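The shown structure was predicted, so the numbers you read here are calculated from the model rather than taken from an experiment. Heads up: numbering here begins at 1 and tracks the sequence.
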Amino acid sequence: MVVVSARFLRTRRRAARASGSIDRVGEQALFFARALGAVPRAVMHYPKETIRLVAEISMGTGALAVIGGTVVIVGFLTLFTGGIIAVQGFSSLGNIGVEALTGFFAAFINVRIAAPTIAGIGLAATIGAGSTAQLGAMRVSEEIDALETMAIPSIPYLVSTRVMAGMIAIVPLYSLAVIASFIASRFATVVLYGQSAGVYDHYFTTFLIPTDILWSFVQAIFMAVAVMLIHTYYGFNAGGGPVGVGVAVGNAVRASLIAVVTVTLLISLAVYGATGNFNLSG
């Protein structure tokens, strides 16, 4: 038996790692279910903490509050993304002589793909990473254990409040992001490239579908929930001192970026289908 175990040691290690991965997936799913299930309790019993977290998420704290926190960061990210879309769209469409359709390109790409994805990445890099660091520091300093000792449920108070705050804050944040991307696209096309403002506005308003904007907000809310759940999980279960907190932040950022792209893919397939749900002819 010892000979067999030594002979298949590598196989046993791989099986153990696979089993551990499955266990972690189940543990995360249970944590997410508990956090979402405790949201009503957090809203009812901890409204002040939720409001404080909304302000902290939107405007930041400490030195970050000087530049406006997440509001400015997400706004600038989507602003420059909208400009890049206009530049690339005008150049690419100009190669085939239809640069007048840059307005269509901006309305289509900004709403369906660019703005929600960039906003999700900004949320993961700012709100998410900050939440992981905060909860991780509380875990390694035994503050979470102290809360539970005082009969304060840690998941509703620390996790569910942050998930709810993220859902509330994402609506005005994403509104700013969409507006910034629209302004940047129009500025780059009309001012920098000299296209007629009437031509740009005609194609932009023609192909800007209100339901696309609605689904874009739904996509942003799902991203915010996924980002907050992932980052709070890694922060809540951090260990190993300050080094462990740093590792947890890195793991959470990687996982949340994958979640952002996955949400974009799934909603795009579910809402628009494989063809994009539009026809351009004439």
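Under the 3.5 Å distance criterion, the side-chain polar atoms of T205 are matched with a main-chain donor or acceptor of H202. Side chain of T189 to backbone of R186: no donor-acceptor contact under 3.5 angstrom is found.
Across F104, F108, F182, a single residue satisfies ring-ring contact (aromatic ring centres under 6.0 Å, His included) together with F204, and that is F182.
By the criterion of side-chain heavy atoms lying less than 4.5 angstrom apart, applied directly or through intervening Ile, Leu, Val, Met, Phe, Trp or Tyr residues, M167 is grouped together with I155 in one hydrophobic cluster. At a threshold of 4.5 Å between side-chain heavy atoms, the hydrophobic network of Ile, Leu, Val, Met, Phe, Trp and Tyr places V225 and V171 in one connected group. Taken together through direct or relayed side-chain contacts under 4.5 Å among Ile, Leu, Val, Met, Phe, Trp and Tyr, I144 and L53 form parts of separate hydrophobic clusters. Under the 4.5 Å side-chain heavy-atom criterion for grouping Ile, Leu, Val, Met, Phe, Trp and Tyr, I127 is connected to L176 within one hydrophobic cluster. Each of V190 and F187 belongs to its own hydrophobic cluster when Ile, Leu, Val, Met, Phe, Trp and Tyr are linked at side-chain heavy-atom distances under 4.5 angstrom.
Here the CZ atom belonging to R112 is positioned 4.0 Å from the CG atom belonging to D212, to the nearest 0.5 angstrom. Atoms OH and CD, on Y233 and Q28 in that order, are 4.5 Å from each other to the nearest 0.5 Å. To the nearest 0.5 Å, the span separating CG on L269 from CG on L265 amounts to 4.5 Å. Atoms CD1 and CG, from I118 and L123 in turn, are 11.5 Å apart once rounded to the nearest 0.5 Å. Once rounded to the nearest 0.5 Å, the distance linking CZ of R254 with CD1 of I230 reads 12.5 Å. Distance check, rounded to the nearest 0.5 Å: CG of N237 to OG1 of T132 gives 11.0 Å.
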Which donor-acceptor pairs under 3.5 Å do the side chains of residues 213-223 make with protein atoms, sequence neighbours left out?
residue, atom, partner, partner atom, Å
S216, OG, V111, O, 3.1
S216, OG, Y174, OH, 2.1
Q219, NE2, T264, OG1, 3.0

Report all side-chain donor-acceptor pairs from residues 29-50 shorter than 3.5 Å, counting only partners two or more places apart or in another chain.
residue, atom, partner, partner atom, Å
E49, OE1, R52, NE, 3.2
E49, OE2, R52, NH2, 2.7
T50, OG1, Y46, O, 3.0

Can you give the donor-acceptor pairs under 3.5 Å from side chains of residues 76-101 to other protein atoms, not counting sequence neighbours?
residue, atom, partner, partner atom, Å
T78, OG1, V74, O, 2.9
T78, OG1, G75, O, 3.1
T78, OG1, A177, O, 3.3
T81, OG1, L77, O, 2.7
S91, OG, V87, O, 2.9
S92, OG, Q88, O, 2.8
N95, ND2, S91, O, 3.3

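Residue G239 comes nearest to V140 through the heavy atom pair CA-CG1, 4.3 Å, listed as atom of the first residue, atom of the second, then distance. Among all heavy-atom pairs drawn from A137 and V245, the shortest one is N-CG2, 4.0 Å. The two residues A133 and V249 have their closest heavy-atom pair at N-CG2, 4.0 Å. The shortest heavy-atom contact between S256 and H231 is OG-NE2, 3.0 Å. Closest heavy-atom contact between A224 and G166: CB-O, 3.9 Å.
At least one side-chain heavy atom of Q134 sits less than 4.5 Å from a side-chain heavy atom of R162. Contact check for F105 versus S185: no side-chain heavy atoms found under the 4.5 Å cut-off. Between N110 and V178, every side-chain heavy-atom pair lies at or beyond the 4.5 Å cut-off. For the pair V260/V227, a side-chain contact is recorded, criterion being any heavy-atom separation below 4.5 Å from C-beta on.
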